[in-house]
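Here is the naming used below: chain letters follow the sequence lines, and residue numbers restart at 1 for every chain. All heavy atoms count here, side chains included; hydrogens, waters and symmetry mates do not.
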There are 4 protein chains.
Amino acid sequence: MDKVERRRAILAAALTVFAGHGFAGARLDDVAREAGVAKGTLYLHFADKEALFRGLVEQNIAPVLADADAAIARFPGTTGDLIDLLIAILVERVIGTPAEALVRLMIAEGPRFPELAAYYHREVVSRALGIVRAIAQRGLDRGEITSDIAVRFPQLVISPAVVAVVWNGMFGAFDPLDVRAFLSAHRDLLLRGLGWRDT
Amino acid sequence: MDKVERRRAILAAALTVFAGHGFAGARLDDVAREAGVAKGTLYLHFADKEALFRGLVEQNIAPVLADADAAIARFPGTTGDLIDLLIAILVERVIGTPAEALVRLMIAEGPRFPELAAYYHREVVSRALGIVRAIAQRGLDRGEITSDIAVRFPQLVISPAVVAVVWNGMFGAFDPLDVRAFLSAHRDLLLRGLGWRDT
Amino acid sequence: MDKVERRRAILAAALTVFAGHGFAGARLDDVAREAGVAKGTLYLHFADKEALFRGLVEQNIAPVLADADAAIARFPGTTGDLIDLLIAILVERVIGTPAEALVRLMIAEGPRFPELAAYYHREVVSRALGIVRAIAQRGLDRGEITSDIAVRFPQLVISPAVVAVVWNGMFGAFDPLDVRAFLSAHRDLLLRGLGWRDT
Amino acid sequence: MDKVERRRAILAAALTVFAGHGFAGARLDDVAREAGVAKGTLYLHFADKEALFRGLVEQNIAPVLADADAAIARFPGTTGDLIDLLIAILVERVIGTPAEALVRLMIAEGPRFPELAAYYHREVVSRALGIVRAIAQRGLDRGEITSDIAVRFPQLVISPAVVAVVWNGMFGAFDPLDVRAFLSAHRDLLLRGLGWRDT
DNA sequence: TATGAATGAGCATTCATTCAT
DNA sequence: GATGAATGAATGCTCATTCAT
């Protein structure tokens, strides 16, 4: 196992353990065991527990976002199709993946790690909202939608996805939410609300 | 200070401390100091840390929900007005109050406390969604709206409020969300999306 | 066991353990066991390991020095008798007592604890040297001795006592120094060197 | 860098680090970095931390002592001059040099390393005291001094030098002792005390 | 009942030592 | 021989819980 691989193993283990117990509740013993390394090895890769947490966020974010960015940038379709694409990306790349655990983790621990929250805001949230805003603006410019609400409050477009993640984290065991259907319903509501008209 | 009052003081202190540090990170020393009682006294009212957390959730939920229930049940207005009322209740009774901290706390700790999550689901979430569903159904019955999406997925009506709470918990310090404007925009989007027409 | 007694027990245990292993080498587990208290109890009395070390120094110093001060201040005899008294105090109150271990400990750890060394200098060393200086000055004034060397370098009077403590700490097991005879020889050498004449 | 040179570098680094932090407090990481070698390399030259400490003592002692031995053996002057020479050697070869740090280190750690203390006693202390004793005996034989105290307790001759080293280690930063003047005063006191007379 | 000192299991972190390269 | 990443036992400190007063 080389250095990069080991680091990856540690981060994967950390995601599991932090997601399961929260930051304060996570034991580095468990992270080490899960990663298959000695406890001391963690400290060869990360200065302390907090740095490990930071590494977690930094590691898991770049790929998804970069892909989403690229996919949407070069997409030629209508606003409706773009929103479908956005939802598809969410469903495939976030929901049910480690990224989902990370979102929950950030919501749970964010208030306790202001700098990390700021980083997350800068690198993830504002970029994601920027993408949404760009989609909405293009739709307006093309006359496909008539409301600028999604430009002013792009969070409204994302909210159901956030709630879906939170919901399944809390209630998924006994009252699971069908995320695909849920987000599809959101799509319909949203497009109609934005004044969408098939052209 | 009599027994009931003391219990109230402990729960109020616990809300502050748990909200600030999460379940694992909260120190009962701090709860005791904040409540103005000795540490041992906590154990006269709650069996252990977890019971205190449970007590917290149970305590803070009944009043808000009962009031919302009542207010909406006897409300004579249109669906649009009802949604305005719902938003007003959220803004006045949840956002910026201890209940808000509780929502964040439940999102953060829920996955670690399945029984508590189930309790929360039963006592809070499903009741709140029931109210939304009833409003939506009444709107449909009256012909004020045409879409049954809010009946099938009442979570869509609530999502922005959840996100607003989460957002301000994480990013409020440097990029605060104007909750009133945000939820008002949501209202417009939602009503139009549901096929609202002024009659 | 009341609070004061417990504190005393902890300090006594700490003296033993620190003297035996040095500051860095001492285990608080051992201090706790030796004191007959739980590990956490140490922290009710001292903020951390260093504070415990400080407490040690502060605790063991006041009594010896105050007694020496008083005994010498009211002593009416000649310079020779005073030096005998000084040596007697050293032999009875320092050599072979916990204070001896403390001297060794201070020599060993002083360079690592500048503030503690400064405290020790201020509260012990300079006061002890002040006593010596006063004795020497009185001898000069009375014409019992003729050299002012002990006024200028009172450390010369104390040096053999320091060396005796160090010697027995290191070599006592296989080449013990007869401290009483050693300091008595020092007395003779010193008095003659200072120009003592029986009057 | 050949083997001998590397060993020397390690010992020099070890002296610095051990002197600065004591045995238990010294980190072999620091020794390795200071010596410019990898941590594992230390173990090619010394079996473990303790062996390194032993090597330290053994390495730094031979030269000084051998030189002192030789210089004094062939010295033709009076007892007074010999003591001056002894003091000059101390001031030039010990005070302010690594050997000084070693003395402090031995005082601090000696009780924890009985075998090392025995070695030190045998190789350094008793040889140094033997030199002093020889000087004193020659002075007596020649009639230059009249007291045999320095033959019986040669430690009395060395004590101020030990105290000077200890003093400057602990208090040097804020109340430095002028070692030259101090030892010179000691010389005067000592010679007079021993019954020295210019012949 | 209320108190808060005492307890001790638990955890983050360090560092002497090993060993594959 | 030399390296330095990996190891894991050891240790300072914390904090939920207990209990004598």
Side-chain angles (χ1 to χ4, degrees), chain A residues 1-3 6-7 10 21 23-33 35-52, chain B residues 1-3 6 21 23-33 35-52, chain C residues 1-3 6-7 10 21 23-33 35-52, chain D residues 1-3 6 21 23-33 35-52:
Chain A
M1 214 196 283
D2 75 343
K3 196 169 175 179
R6 206 178 287 267
R7 191 188 150 94
I10 291 171
H21 300 274
F23 179 80
R27 278 174 300 186
L28 293 191
D29 260 315
D30 290 346
V31 174
R33 182 160 359 92
V37 301
K39 213 172 358 164
T41 304
L42 301 181
Y43 290 86
L44 298 175
H45 294 267
F46 301 94
D48 57 16
K49 197 182 187 183
E50 205 172 321
L52 179 56
Chain B
M1 214 196 285
D2 74 345
K3 195 169 173 176
R6 208 179 287 268
H21 300 276
F23 179 79
R27 278 174 300 188
L28 294 190
D29 259 313
D30 290 346
V31 174
R33 182 161 359 95
V37 303
K39 209 170 8 161
T41 304
L42 301 181
Y43 288 84
L44 299 174
H45 294 265
F46 301 94
D48 56 17
K49 197 183 187 184
E50 205 171 319
L52 177 56
Chain C
M1 214 195 284
D2 74 344
K3 194 170 176 175
R6 206 177 287 265
R7 191 187 150 93
I10 291 171
H21 300 275
F23 179 80
R27 279 174 300 187
L28 293 190
D29 262 316
D30 289 345
V31 174
R33 183 160 358 93
V37 301
K39 211 173 358 165
T41 305
L42 301 181
Y43 290 86
L44 297 175
H45 294 267
F46 301 94
D48 56 16
K49 198 183 187 183
E50 205 172 320
L52 178 56
Chain D
M1 214 196 284
D2 74 345
K3 194 170 175 178
R6 208 179 288 268
H21 300 276
F23 179 79
R27 277 173 300 186
L28 294 191
D29 259 314
D30 290 346
V31 174
R33 183 160 359 94
V37 302
K39 209 167 14 155
T41 305
L42 301 181
Y43 288 84
L44 298 175
H45 294 266
F46 301 93
D48 57 16
K49 196 184 188 183
E50 204 172 319
L52 177 57

Original post:
Does B:A47 or D:A38 map to a spot on DNA chain F nearer the 5' end, using the closest nucleotide for each?
Top reply: D:A38
Original post:
Quick one: is D:H45 getting a side-chain N or O under 4.0 Å of the F:dG1 phosphate, OP1 or OP2?
Top reply: no
**OP:** Calculate the interatomic distance between D:E50 atom CD and E:dA16 atom P; express it in whole Å.
**Re:** 13 Å
Original post:
Nearest to the side chain of B:K3 - E:dT1, E:dA2, E:dG8?
Top reply: E:dT1
Original post:
Is there a side chain to side chain contact (heavy atoms under 4.5 Å, CB included) between A:L52 and A:L28 once you walk through the steps?
Top reply: CA-CA 10 Å; A:L52 179 56; A:L28 293 191; 4.1 Å; yes
Subject >> Nucleotide paired to E:dC15 in any strand shown, Watson-Crick or G-U, under 3.5 Å >> reply: F:dG8
**OP:** Give one of base, sugar-phosphate or nothing for D:A26, where a contact means two heavy atoms less than 4.0 Å apart.
**Re:** sugar-phosphate
Subject >> Distance in angstrom units between A:I10 CD1 and F:dA5 C1', rounded >> reply: 11 Å
Subject >> Interatomic distance, C:L44 CG vs E:dG8 P [rounded to whole Å] >> reply: 13 Å
Original post:
Counting distance only, does the side-chain N/O of C:K49 pair as donor-acceptor with the main-chain N or O of C:F23 below 3.5 Å?
Top reply: yes
**OP:** Might you point out which heavy atoms bring D:A26 and D:H21 nearest each other, and give the distance in Å?
**Re:** N-CB, 3.8 Å
Original post:
Taking any strand in view, what nucleotide pairs with F:dT21 in a Watson-Crick or G-U wobble way, both distances under 3.5 Å?
Top reply: E:dA2
Original post:
Under the 3.5 Å rule, do the base of E:dT17 and the side chain of D:K39 count as making a donor-acceptor pair?
Top reply: yes
**OP:** Tell me whether the OP1 or OP2 atom of E:dA2 has a side-chain N or O from B:R6 closer than 4.0 Å.
**Re:** yes
Original post:
How close or far is atom P of F:dT17 from atom NZ of B:K49, stated in whole angstroms?
Top reply: 8 Å
**OP:** Quick one: closest heavy-atom pair of A:G25 and B:A24, and the distance?
**Re:** N-CB, 3.8 Å
Original post:
Nearest to the side chain of C:Y43, which nucleotide is it out of F:dA6, F:dC13, F:dA2?
Top reply: F:dC13
Subject >> Value in whole Å for how far the P atom of E:dT21 lies from CG of A:D2 >> reply: 12 Å
**OP:** Would you kindly give the CG-to-P distance between D:L42 and E:dT18, to the nearest whole Å?
**Re:** 12 Å
Subject >> D:D29 vs A:D48, nearer the 5' end of DNA chain E by closest nucleotide >> reply: A:D48
**OP:** Could you check how far CZ of D:F46 sits from C1' of E:dT17, rounded to whole Å?
**Re:** 16 Å
Subject >> Distance, rounded to the nearest Å, where A:R33 contributes CZ and F:dG8 contributes C1' >> reply: 13 Å
Original post:
Looking at E:dG8, E:dA12, F:dG12, which one has an atom nearest to any side-chain atom of C:L28?
Top reply: F:dG12
Subject >> Pairwise distance CG(B:L42) to CZ(B:R6) - rounded to 0.5 angstrom >> reply: 11.0 Å
